[in-house]
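Inspection log for the structure reproduced underneath, given as structure tokens.
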2 protein chains.
Amino acid sequence: MNKKSMNLKEFSELLGLSQTTVSRALNGYPEVRESTRLKVLDAARAHNYTPNARAKRLATGKAMTIGHVLPVSKKHEMVNPIFADFIAGAGEIYSDNGFDLLLSVVDDVSEEASYRKLVSRGAVDGLIVHGPKVNDSRIALLRELGVPFVVHGRSTEIDTDYCWVDVNNKRAFQRVTEFLLDLGHRRIALLNGLADMDFATRRGAGYVAALESRDVAVDPALMFHEEMTENFGYETARRLLSGDNAPTAFVASSIIPGIGIRRAISDAGLTMGRDVSVVIHDDALSYFSNDGDEPAFTAVRSSVRQAGRHVAQALIDRIATPDAPVHQEMLEAVLTVGRSTGQAPALRQVLDQGK
Amino acid sequence: MNKKSMNLKEFSELLGLSQTTVSRALNGYPEVRESTRLKVLDAARAHNYTPNARAKRLATGKAMTIGHVLPVSKKHEMVNPIFADFIAGAGEIYSDNGFDLLLSVVDDVSEEASYRKLVSRGAVDGLIVHGPKVNDSRIALLRELGVPFVVHGRSTEIDTDYCWVDVNNKRAFQRVTEFLLDLGHRRIALLNGLADMDFATRRGAGYVAALESRDVAVDPALMFHEEMTENFGYETARRLLSGDNAPTAFVASSIIPGIGIRRAISDAGLTMGRDVSVVIHDDALSYFSNDGDEPAFTAVRSSVRQAGRHVAQALIDRIATPDAPVHQEMLEAVLTVGRSTGQAPALRQVLDQGK
DNA sequence: TTGAAAGCGCTACCAT
DNA sequence: ATGGTAGCGCTTTCAA
């Protein structure tokens with residue numbers, strides 16, 4: 001049953017050609033007569049011959065593989081859903097360029113060791129860095145290892161040059177906050193990611209900038225930096241809503257605490273979009289959870305997928321041309337807003353103009 | 001900068017041992033003196049020597065890699081969030097067993113070709129089949145290719161033996177529907193996945209079984225089989241809620257249409273958990289969206305991750321022992337219910353007993 | 001335009 | 001318990 005596939009030696013003998021010529025024909029070298037190439041290509045299809053990837057990788061010294069490291073915590077059984085979309089976008093680009101995608105799932109404590117091993121084993125030609133911290137040690141590590149890499153996001157306190165692709169988190173959060181201020185909100189809670197995460201810092205800066213520009217006092221009691229779990233959203237919102245001087249609006253850094261916030265609002269007998277405004281932001285996107293015009297959740301994720309494409313392309317380019325100028329790209333944050341507020345079109349307009 | 005790592009030849013010369021002995025020591029062969037092994041292991045650590053994976057794979061004829069194919073549609077920019085958790089769970093097991101995870105992202109039309117190529121290139125030792133249809137052609141294909149594989153889910157109309165790991169979708173949906181019936185609901189809408197998906201068929205069967213066992217007529221106008229998009233949930237719920245004889249409860253097959261349903265309910269000026277009950281089911285789990293007792297969303301995903309572990313382990317076992325008896329495992333569906341209905345504890349009890 | 005043959009870095013068989 | 005060496009299946013000089 002297990003039909004052992006044929007190898008180059010057998011295949012070339014079958015054609016009455018040398019392995020060299022067949023290899024050349026298959027790999028698009030120019031010095032092969034066109035008629036020969038066609039013959040080889042046809043025969044390959046007919047006999048279902050595919051060069052063995054393992055041999056190819058050894059011979060060329062390239063893995064033709066990009067590594068993504070996904071650190072998971074034993075404690076929090078939770079993966080950011082954003083990850084799936086990002087990977088999907090990146091994977092599209094890899095497929096188009098003949099690269100494989102190696103996904104390494106590791107305990108978050110052994111992340112650095114994982115990068116090290118991936119490189120020294122020669123399993124990958126390049127790596128993607130996910131979720132950079134404000135000062136991320138992985139950047140120095142990968143530089144030291146001499147492996148091409150691209151960061152999805154940035155690491156603000158690192159001052160060496162490195163490739164990154166990021167969205168304008170600060171501006172996105174500034175706009176969202178301004179929008180809520182325009183609606184008349186004065187007490188706006190911010191449920192942000194951990195303070196050492198770069199994206200969280202930038203988002204927080206946008207939130208603060210918006211408040212300050214309108215002379216609204218920044219209340220530290222409304223700003224939270226925690227791991228983005230559902231419970232974080234639920235407990236925080238519940239506490240705030242049942243206390244004095246409750247906020248009238250929430251901005252959440254991810255859909256996961258956002259779900260918790262929704263529960264808390266519902267539990268409090270309040271109605272979202274009427275009694276309380278909620279904006280949930282996920283990489284590259286903000287939206288109102290009760291949007292009526294378009295599928296907000298879908299839009300979020302589609303946008304993340306696009307980011308994945310950009311990052312992957314940047315890395316492939318870097319692998320092909322190691323000495324190319326450092327790639328640093330800023331993606332515009334896409335914002336989708338709902339009509340339930342009655343003012344969404346205005347924001348949309350503002351954003352389009354802001355483009 | 002790019003320190004080209006040393007190879008076995010150099011490393012063994014450095015030690016004054018043969019490549020053979022070093023290789024044996026590194027790979028745990030018994031015929032090496034323990035003192036020699038320690039010496040080798042220490043030196044490897046000291047000189048940072050890691051055997052080249054590309055050479056190893058060629059020499060052993062094994063890829064030590066498991067393939068997951070993720071078909072994405074160009075039309076629907078959406079990946080089921082479940083996928084990330086499943087992958088995370090599987091990846092844990094792979095890491096523990098020295099396997100790499102190769103994720104192949106392909107356009108959904110070229111899915112079969114992707115499996116074919118992965119195998120004939122020799123890039124993987126085994127494959128996971130995601131999202132099986134009622135009669136899935138991939139099972140015959142992989143059998144023909146002679147590659148070990150495990151299906152996450154089942155393919156009901158296939159009667160040959162193959163490995164699968166599935167949750168009890170029928171029972172889960174039957175229970176959920178019974179629960180809503182117990183609450184007094186008589187018009188319960190079911191927003192299910194596409195009719196050719198195996199999980200959707202089983203879930204539909206559970207829903208129908210519950211209604212029939214209580215002598216509640218099954219209304220075809222309340223059953224929907226579509227792709228699980230946010231818009232599907234939104235438009236369907238909106239239409240139903242604004243029409244005559246609107247349902248008082250919804251059961252959704254995935255969180256994605258579930259988000260749409262929530263929007264529609266909110267838009268209609270209704271409150272979830274009070275005016276309308278909603279149960280959203282995702283692989284292996286059901287929950288009420290306004291659960292107050294525990295983080296439902298997190299529980300869903302944690303459960304999916306567990307499924308990923310089971311599937312991965314089954315495949316690894318199969319690769320190690322191809323002639324082992326066919327692995328077929330049924331995971332119990334975990335159900336989480338919220339207190340907002342006031343009757344959740346009763347259901348929880350029922351479920352616990354049902355175990 | 002084609003071919004012969006030397007690697008790529010490791011494993012595993014056969015000796016010792 | 002250790003070593004020599006022939007592959008694994010391909011790419012890539014170097015020759016013709």
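Numbered from 1 within each chain, the chains take letters A, B, ... in sequence-line order. Just so it is clear, the structure is predicted and the values come from calculations on it, not from any experiment. Just so you know, these numbers use all the heavy atoms, side chains as well, and skip hydrogens, waters and symmetry mates.
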Check ion pair A/Arg45-A/Asp42 (N to O, under 4.0 angstrom): yes
Which atom of A/Val147 lies closest to which atom of A/Gly126, heavy atoms considered: CG2-CA, 4.1 Å
Polar side-chain atom of B/Asp107 near backbone of B/Val109 as donor-acceptor pair, under 3.5 Å: yes
Any donor-acceptor pair under 3.5 Å from B/Ser155 side chain to B/Val134 backbone: yes
Parallel, tilted or perpendicular: ring planes of B/His130 versus B/Phe86, cut at 30 and 60 degrees: perpendicular
Bounds of contact between DNA chain C and chain A, in 5' to 3' order, using a heavy-atom cut-off under 4.0 Å: C/dT1 to C/dG9
Full working for side chain to side chain contact (heavy atoms under 4.5 Å, CB included) between A/Phe149 and A/Ile139: CA-CA 9 Å; A/Phe149 67 96; A/Ile139 292 172; 4.1 Å; yes
Salt bridge (Lys or Arg N to Asp or Glu O under 4.0 Å) involving B/Arg57 - partner list, sequence neighbours excluded: B/Asp100
Non-hydrogen side-chain atoms of B/Asp198 and B/Asn135 separated by less than 4.5 Å: no
Minimum heavy-atom distance B/Val106-B/Glu111, with the two atoms named: CG2-CA, 4.1 Å
Strand contacts (DNA chain C) in residues 113-125 of chain B, 4.0 angstrom heavy-atom criterion: none
Parallel, tilted or perpendicular: ring planes of B/His68 versus B/Tyr94, cut at 30 and 60 degrees: perpendicular
Residue pair A/His152 / A/Ala307: nearest heavy atoms and the distance that separates them: NE2-CB, 4.1 Å
Candidate list B/Asp136, B/Asp159, B/Asp166, test salt bridge (charged side-chain N to carboxylate O under 4.0 Å, His left out), partner B/Arg154, passing option: B/Asp166
Close approaches to DNA chain D from residues 41-53 of chain A, in residue order (heavy atom, under 4.0 Å): A/Tyr49, A/Pro51, A/Asn52
DNA chain D: 5'-most and 3'-most nucleotides touching chain B, 4.0 angstrom heavy-atom criterion: D/dA1 to D/dG9
Exam field: side chain B/Glu10 to backbone B/Asn7, donor-acceptor pair closer than 3.5 Å: yes
Partners meeting side chain to side chain donor-acceptor pair (under 3.5 Å) with A/Ser137 (sequence neighbours left out): A/Glu112
Under 3.5 Å donor-acceptor, B/Asp85 side chain and B/Arg305 backbone: no
Side chain to side chain donor-acceptor pair (under 3.5 Å) involving A/Gln19 - partner list, sequence neighbours excluded: none
Global bending angle along the helix from C/dT1-D/dA16 to C/dT16-D/dA1, which compares the axes of five pairs at either end, to 10 degrees: 30°
Just distance, no hydrogens or angles: give the donor-acceptor pairs under 3.5 Å from side chains in residues 28-35 of chain B, sequence neighbours left out.
unit_1  : atom_1 : unit_2  : atom_2 : d
B/Glu31 : OE2    : B/Arg24 : NE     : 3.4
B/Glu34 : OE2    : B/Arg37 : NE     : 3.4

Nucleic acid contacts - residues 54-63 of chain B versus DNA chain D, non-hydrogen atoms under 4.0 Å: B/Leu58, B/Ala59
Partners passing side chain to side chain donor-acceptor pair (under 3.5 Å) against A/Thr21 (at least two apart in sequence or in another chain): A/Ser18
A/Gln306 (side chain) donor-acceptor with A/Gly89 (main chain) under 3.5 angstrom: no
Under 3.5 Å: donor-acceptor pair, side chain of A/Thr50, backbone of B/Arg121: no
Those residues of residues 9-24 of chain A lying under 4.0 Å from DNA chain D by at least one heavy atom: A/Gln19, A/Thr20, A/Ser23, A/Arg24
